[in-house]
Structures are given as C-alpha cells and as structure tokens.
*Asks:* 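The structure follows.
Position 1 is the first residue of the sequence; numbering continues from there. Indexing begins at 1, ligand by ligand and atom by atom, following the structure's order.
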Amino acid sequence: MPTLSHLLLIGKVISVIFSVSYTRLRLALRSLTHRLTYHPSSPSSSSEPLNIVIIGASFAGYHAARCLANSVPSGHRVVVVERNSHFQFTWVFPRFCVIRGGGHERKAFVPYGPYLGGGLERGSCVWVRGSVEKIEEEKNDNQDDDDGKDEEKGGCLVLRSGEKIKYEYLVVATGSAAELPSRVGKEDKADGIRLFRDMQDRIEAAKDVVVLGGGPAGVELAADAKALYPGKNVTLLHSRTRLMNGSFGPKMHEVAVKELEKLGVDLVLGERAQLPAADTETLSEVVLDSGKRIPCDCLIKCIGQKPNSSLIAELSPSSITESGHIKVLPTLQIADEAHRNIYAIGDVADTGSIKNGRAAIEQAQFVAENIVRAIKGKKPLEYHPQWFEGFTELTLGLDKSVMYFNDGSAEIILPHRSKDVALRSDQCWRLFGVKPFEDPSDLEAAKA
Ligand SMILES: Cc1cc2nc3c(=O)[nH]c(=O)nc-3n(C[C@H](O)[C@H](O)[C@H](O)COP(=O)(O)OP(=O)(O)OC[C@H]3O[C@@H](n4cnc5c(N)ncnc54)[C@H](O)[C@@H]3O)c2cc1C
C-alpha cells in the first residue's frame with residue numbers, strides 16, 4: 001500500500017517529466033532560431049570570434065557544448081578541448097569489465113560530434129583534441145573597471161602539444177580520475193578496449209574475486225561477476241556498514257544486500273583492507289584490519305575517484321575544497337572574485353549536488369544559459385540541486401536491475417528485468433546522434 005510520501009513522490013516524478021519535456025521543446029525552438037541568425041564573427045566587425053572554452057567533454061562538458069553551440073551570440077564561439085578520442089560511457093563500465101565475447105566493450109566508446117547539432121559545420125563550435133596542462137591569466141590593463149580595478153578579460157590555455165588557446169569564458173568540466181571500472185584512464189579507444197578485455201580475462205581466470213568498495217560500481221560489478229561465474233568466490237568488501245552510503249538511502253542498501261546474498265556474493269561490511277602500495281595483481285589474499293584473511297587472486301578496486309581539479313588548484317588554490325573539488329557559487333562561477341569568467345560543473349565541482357550524469361547535464365544547461373546572459377550583460381541564474389537528479393538505474397545481476405527515486409522523504413525502488421546484456425547502450429548512441437554501433441574510426445583503423 002503506497003504511503004502519502006510515496007504518492008507525493010509519484011506526483012513529483014510526473015511533474016519532472018512535464019518540466020523536462022518543456023525544457024527540451026524550448027531548447028529545440030531556440031536552436032532553430034540560432035541556426036537562422038548566428039554568424040561566427042560579430043555583425044559589426046570581421047574579427048575572430050571570441051572563445052568560450054570548455055575543458056572536458058563528458059556528461060557535463062559535452063552537454064554544455066551542445067547548449068552553447070546552439071545559443072551563443074554572433075561574434076562568439078565554443079571551443080571544446082577534450083583529450084579522449086570518444087565519449088566514454090561510464091554507466092556500462094562494470095558490466096563490460098565482466099562479460100566476455102560479443103565485442104560489447106566497444107559500445108562504451110561513442111564517437112563525438114553529431115550531438116553538437118551542426119555547431120561544427122556552422123562554426124559556432126570548434127573541436128580540439130588535446131589535454132589542457134595549464135591555465136594562464138591574461139589581464140587587459142587598458143580596460144579598467146568602474147572602480148578602477150582591472151576586470152578579468154579571460155586568459156589562455158596551454159595544451160600538452162604546446163598549442164595555446166585564448167578564452168573569454170572558461171568552463172572546467174574535467175570530472176574525476178579513477179581506474180576501471182569507474183573510469184578508463186586511457187585516451188584512445190583501442191587502449192581502453194584492451195583494458196576492458198584484460199579485466200574480463202582476469203575475472204575469467206580467477207578463483208577468488210575480491211571487489212573493494214561497495215559504491216554503485218562495486219555492487220554492480222560483484223553482482224555481474226557472481227551471476228556470470230556462480231562457481232567462483234566473489235567477495236564484496238566495504239569499509240562502511242551500509243552499501244552505497246554516499247548516494248542512496250537505507251532501503252537501497254537492504255535491496256542490494258538481499259540480491260547480492262541471493263546470488264551468493266560474500267559481503268564483508270564495516271572492514272578495511274590493508275593493501276600493499278605496489279602491485280596488487282599478484283596478491284594471493286587480502287588482509288583486513290581485523291586480522292581476517294580473504295583468499296584473492298583477482299582484486300578489483302572500485303574506490304578512490306579523485307576530482308581532476310589541478311588546473312584550478314594551480315590558478316586559484318583557495319577555490320579547492322579539502323576533498324579536492326572546485327568551490328563554486330550558485331551561479332556556477334568558481335568561488336574566486338578574481339576569476340569570474342571561469343565556471344566549473346559536473347563531478348569536479350562542489351555544487352552540493354549528487355555526483356552523477358543527470359546532475360552534470362542540469363549544471364551544463366545552467367552554465368550555458370549563464371554565459372549567454374553574461375555576454376548580454378544580464379543577471380546570472382542560480383543553480384540549486386534538484387532531488388530528481390538522483391534518479392538512477394542500478395543493475396543487480398545480469399538480467400536484474402532496479403530504478404531508484406528518492407526525494408529525501410521517500411525512496412521508491414522499482415524492480416526491472418532486462419535481457420539486454422549491453423544495458424541499452426544503443427540508447428546512449430542514439431541520444432548522441434550516432435547510429436548504434438557504427439564508428440567511422442573503426443573503418444579508418446581497419447584501412448590503416
Ligand atoms: C560505474 C559508474 C556508473 C555510473 N552510473 C551512472 C548512472 O547510472 N546515472 C548517472 O546519472 N550517473 C552515473 N554515473 C556517474 C557519472 O558517470 C558521472 O557523474 C559523470 O561521468 C560526470 O561527468 P563529468 O562530465 O563531470 O566528468 P567525467 O565523466 O569524469 O569526464 C571528464 C572529462 O574531462 C576530460 N578531461 C579531464 N581533464 C582534461 C584536461 N586537462 N584536458 C582535456 N580534457 C580533460 C576527460 O577526458 C573526460 O572526458 C556512474 C559512474 C560510474 C563510475
């Protein structure tokens with residue numbers, strides 16, 4: 001029997017569906033007008049357009065690039081600097097670390113480009129494949145502010161290649177760094193695919209798999225490994241007593257425990273492992289602080305995601321939190337008066353929101369809007385995290401998953417069965433405007 005708080009949550013979900021549909025319609029209409037009116041150089045001069053540079057093109061940066069490519073005023077353009085060859089679709093990583101054969105891991109690498117809605121062709125967007133190594137300030141001493149202070153007029157990025165790119169506005173969307181199954185850590189698709197296959201081989205060859213970290217990635221991977229190889233010992237080791245304590249409520253913990261135990265995963269909660277600093281691939285056991293020993297010939301670490309905030313740490317050390325995230329104002333500008341033209345969004349930013357793809361996309365929309373407003377001299381909007389950003393689908397075995405909603409007063413968990421071992425990754429390709437799973441770079445690689 002649903003409670004009142006459940007009914008309220010259902011009502012909220014319905015209103016979010018309407019609000020998202022309305023936003024999509026509004027953005028589609030705006031992008032239509034933009035196509036008809038935009039010109040890269042300003043109507044009053046033929047000089048080079050001014051750059052809004054986005055560093056990183058994953059959920060946050062790629063979506064911000066799409067929004068801006070379809071809304072920047074004439075005279076401005078978006079420049080995206082991304083080091084990876086492809087969009088790396090994190091949600092399917094735990095599954096593709098486990099299942100072998102069928103070439104599914106290729107589906108985690110989505111070609112970049114079409115999602116920008118023709119921005120590359122119109123000149124409202126420029127794509128640069130490269131890694132930003134440094135942000136250099138550039139003050140324009142000739143144009144003083146009303147109060148006599150130098151106003152920040154942007155700066156310059158230095159790429160690993162040595163190339164320099166000027167910016168008037170900068171969006172830092174550099175996310176987090178980790179190892180598989182949380183991030184790939186390789187820039188080229190071919191190297192990434194090799195890593196997935198290595199992990200699949202290690203799990204297949206193992207007798208005792210130990211998964212370290214009971215966040216969503218650890219839970220999903222442990223469940224998949226045990227479901228695919230019921231004869232292996234699979235242990236999920238978590239230092240807290242509650243699984244997924246960071247982003248989910250207590251009910252989700254109960255459901256996950258029940259499903260993992262049903263599969264036969266050994267759960268060790270509230271215990272820490274003592275790991276050697278060096279090579280963990282040749283371990284034969286994992287020793288816990290309590291002295292307990294767990295046999296292990298395959299250790300998979302699902303811990304230790306670190307925000308990629310070093311660029312801002314160097315430029316503005318006071319803008320970095322203890323956890324390494326970038327402090328931002330509700331406008332998503334970094335919390336440093338000297339750098340009001342720099343914004344941070346997604347996993348790298350301390351926005352108070354859950355760190356997930358949906359929140360990153362919401363912030364991307366806000367930042368795009370605020371940069372256009374800043375160019376037009378309008379007051380910025382404020383981003384406040386929304387409960388629906390926490391909506392997630394979590395797999396609990398090869399054909400089982402749950403949809404999860406939590407508005408802070410109620411948790412709704414809807415079980416779901418799916419036969420699609422690739423977790424509907426085709427939908428992600430379609431969303432990004434690419435026919436599943438056709439990658440032009442595969443043809444080029446085959447020709448070479
Ligand atoms: C296993 C797993 C499952 C998940 N499942 C879900 C889910 O079901 N739903 C959900 O909403 N979220 C999910 N998430 C969370 C989601 O993946 C992250 O919140 C999201 O990826 C954050 O996006 P981002 O753009 O902020 O950063 P990231 O995805 O970390 O991307 C940062 C980008 O910046 C680039 N970059 C970094 N530094 C530089 C530089 N110096 N120069 C150039 N480029 C640079 C990187 O190459 C990368 O492309 C999951 C995460 C994991 C690990």
*Asks:* What class does the angle between the rings of Phe87 and Phe59 fall in, given that below 30° is parallel, 30 to 60° is tilted and above 60° is perpendicular?
*Replies:*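 Perpendicular: the ring planes of Phe87 and Phe59 meet at over 60°.
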*Asks:* Does Ser176 reach ligand 1 with a nitrogen or oxygen that is under 3.5 Å from one of the ligand's nitrogen or oxygen atoms?
*Replies:* yes
*Asks:* I'd like to check whether Phe93 has a polar contact with ligand 1, where a contact means an N/O of the residue lying under 3.5 Å from an N/O of the ligand.
*Replies:*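 No - when backbone and side-chain N and O of Phe93 are compared with those of ligand 1, no distance drops under 3.5 Å.
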*Asks:* Under a 4.0 angstrom heavy-atom cut-off, which atoms of ligand 1 come close to Lys355?
*Replies:*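 Heavy-atom distances to Lys355 below 4.0 Å select 19 (O).
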*Asks:* Do Ser409 and Asp407 meet the criterion of a side-chain donor-acceptor pair at a distance under 3.5 Å?
*Replies:* yes
*Asks:* Just jot down the ligand 1 atoms closer than 4.0 angstrom to any heavy atom of Val81, in number order.
*Replies:* 43 (C), 44 (N)
*Asks:* Is Arg417 reaching over with its side chain to a backbone N or O of Lys400, donor-acceptor style, under 3.5 angstrom?
*Replies:* no
*Asks:* Answer whether the closest heavy-atom distance between the side chains of Val128 and Val79 falls below 4.5 Å.
*Replies:*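 Side chain of Val128 against side chain of Val79, heavy atoms only: contact under 4.5 Å found.
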*Asks:* Give me the residue, atom name and distance of the protein heavy atom closest to atom 44 (N) of ligand 1.
*Replies:*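 Going atom by atom, the protein heavy atom closest to atom 44 (N) of ligand 1 ends up being Arg83 N, 3.5 Å.
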*Asks:* With a heavy-atom distance limit of 4.0 Å, tell me whether Ile55 approaches ligand 1 through its side chain, its backbone, both, or neither.
*Replies:*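 Side chain only.
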*Asks:* With heavy atoms of Ser182 as the reference, note each atom of ligand 1 found under 4.0 Å away.
*Replies:*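 What qualifies from ligand 1 is 53 (C).
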*Asks:* Considering only the protein, which heavy-atom contact is closest to atom 21 (O) of ligand 1, and what is its distance?
*Replies:* Phe59 CD1, 3.3 Å
*Asks:* Ignoring hydrogens and angles, tell me if any N or O in the side chain of Glu411 forms a donor-acceptor pair with the backbone of Lys251 under 3.5 Å.
*Replies:* yes
*Asks:* Look at Asp297 together with Lys207 and state whether they make a salt bridge at an N to O cut-off of under 4.0 Å.
*Replies:*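 Judged by the 4.0 Å cut-off on N to carboxylate O distance, Asp297 and Lys207 do not form a salt bridge.
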*Asks:* Should Phe405 and Phe388 be marked as a ring pair (Phe, Tyr, Trp, His ring centres under 6.0 Å) after you check the CA-CA gap, both sets of side-chain angles, and the distance that decides it?
*Replies:* CA-CA 7 Å; Phe405 305 83; Phe388 60 80; over 10 Å; no
*Asks:* When you measure from atom 34 (O) of ligand 1 to every protein heavy atom, which one gives the shortest distance, and what is it?
*Replies:* Gly56 CA, 3.2 Å
*Asks:* Hey, does Arg183 sit under 4.0 Å from ligand 1 if you only count heavy atoms?
*Replies:*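 Yes; Arg183 lies near enough to ligand 1 that a heavy-atom distance drops under 4.0 Å.
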*Asks:* What part of Pro181, side chain from CB on, backbone N/CA/C/O, both or neither, has a heavy atom under 4.0 Å from ligand 1?
*Replies:*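 Contact part for Pro181 vs ligand 1: backbone (N, CA, C, O).
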*Asks:* For ligand 1, find out whether one of its N or O atoms is nearer than 3.5 Å to an N or O atom of Ala60.
*Replies:* yes
*Asks:* What is the nearest protein non-hydrogen atom to atom 8 (O) of ligand 1, stated with its residue, atom name and distance?
*Replies:*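 The closest one turns out to be Trp91 CD2, 3.5 Å.
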*Asks:* Please write down residue, atom name and distance for the protein heavy atom closest to atom 41 (N) of ligand 1.
*Replies:*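 Sorting protein heavy atoms by distance from atom 41 (N) of ligand 1 puts Val132 O, 3.0 Å first.
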*Asks:* Identify the closest protein heavy atom to atom 16 (C) of ligand 1: which residue and atom is it, and at what distance?
*Replies:*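 Minimum-distance protein heavy atom for atom 16 (C) of ligand 1 reads Gly357 N, 3.7 Å.
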*Asks:* In terms of atom number and element, which parts of ligand 1 are under 4.0 angstrom from non-hydrogen atoms of Ala217?
*Replies:* 1 (C)
*Asks:* Considering only heavy atoms of Asn84, which atoms of ligand 1 have at least one such atom less than 4.0 Å away?
*Replies:* 47 (O), 49 (O)
*Asks:* Between atom CG of Leu394 and atom OG of Ser401, what is the distance when rounded to the nearest 0.5 Å?
*Replies:*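 Separation between the atoms: 8.0 Å.
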*Asks:* Check each atom of ligand 1 against the heavy atoms of Arg358 and keep those under 4.0 Å away; list them by number with element.
*Replies:* 11 (O)
*Asks:* For the residue pair His76 and Tyr169, categorise the inter-ring angle as parallel (less than 30°), tilted (30 to 60°) or perpendicular (more than 60°).
*Replies:*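 Tilted, since the angle between the ring planes falls between 30° and 60°.
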*Asks:* Given side chains that start at C-beta, do those of Arg26 and Tyr22 come closer than 4.5 Å, heavy atoms only?
*Replies:*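 SC-SC contact between Arg26 and Tyr22 confirmed.
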*Asks:* Nearest non-hydrogen contact with atom 51 (C) of ligand 1 belongs to which option: Thr90, Ile54, Leu159?
*Replies:*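 It is Thr90 whose heavy atom sits nearest to atom 51 (C) of ligand 1.
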*Asks:* Around atom 29 (O) of ligand 1, find the nearest protein heavy atom and jot down its residue, atom name and distance.
*Replies:*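 Going atom by atom, the protein heavy atom closest to atom 29 (O) of ligand 1 ends up being Ser58 OG, 2.7 Å.
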*Asks:* Should the ring pair Phe196 and Phe93 be called parallel, tilted or perpendicular, given that the plane angle runs from 0 to 90° and is split at 30 and 60?
*Replies:* perpendicular
*Asks:* With a 4.5 Å limit on heavy-atom distance, are the side chains of Ile294 and Leu288 in contact?
*Replies:*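 When only atoms from C-beta onward are counted, Leu288 and Ile294 do touch, with a gap below 4.5 Å.
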*Asks:* Strictly under 4.0 Å, does any heavy atom of Gly130 approach an atom of ligand 1?
*Replies:* yes
*Asks:* Report yes or no: does Asp426 contribute a side-chain atom to a donor-acceptor pair with the main-chain N or O of Pro436 at less than 3.5 Å?
*Replies:*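 It does not hold such a pair.
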*Asks:* Considering only heavy atoms, does Pro216 approach ligand 1 within less than 4.0 Å through its side chain, its backbone, both, or neither?
*Replies:*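 For Pro216, there is no contact with ligand 1 at all, from either part.
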*Asks:* Would you check whether Glu82 has a nitrogen or oxygen atom less than 3.5 angstrom from a nitrogen or oxygen atom of ligand 1?
*Replies:*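 Between Glu82 and ligand 1 (N or O atoms, distance only) the closest approach is under 3.5 Å.
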*Asks:* Using a distance-only test with no angle check, is there a side-chain donor-acceptor pair under 3.5 angstrom linking His325 and Asp347?
*Replies:*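 No donor-acceptor contact under 3.5 Å links the two side chains.
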*Asks:* What about Asn308: any of its N or O atoms under 3.5 Å from an N or O on ligand 1?
*Replies:*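 No - when backbone and side-chain N and O of Asn308 are compared with those of ligand 1, no distance drops under 3.5 Å.
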*Asks:* What atoms of ligand 1 come within less than 4.0 Å of a heavy atom belonging to Pro94?
*Replies:*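 Within the 4.0 Å cut-off of Pro94, ligand 1 contributes 1 (C).
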*Asks:* Is Gln305 close to ligand 1, meaning an N/O of one under 3.5 Å from an N/O of the other?
*Replies:* no
*Asks:* Can you see whether Gln88 engages His86 through a side-chain donor-acceptor pair at a distance of less than 3.5 angstrom?
*Replies:*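 Result is no, nothing qualifies.
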*Asks:* For atom 37 (C) of ligand 1, find the nearest protein heavy atom and state the residue, atom name and distance (0.1 Å precision).
*Replies:* Thr174 O, 3.3 Å
*Asks:* Name the residue from Gln365, Gln363, Glu362 that meets the side chain to side chain donor-acceptor pair (under 3.5 Å) definition with Tyr383.
*Replies:* Gln363
*Asks:* Only heavy atoms of Gly175, strictly under 4.0 Å: list the atoms of ligand 1 that pass.
*Replies:*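 Ligand 1 atoms under the 4.0 Å threshold to Gly175: 26 (O), 27 (O), 28 (P), 30 (O), 32 (C).
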*Asks:* If I apply the N/O under 3.5 Å rule, does Phe391 come out as touching ligand 1?
*Replies:* no
*Asks:* Parallel, tilted or perpendicular: which one describes the rings of Tyr62 and Phe432, with boundaries at 30° and 60°?
*Replies:* tilted
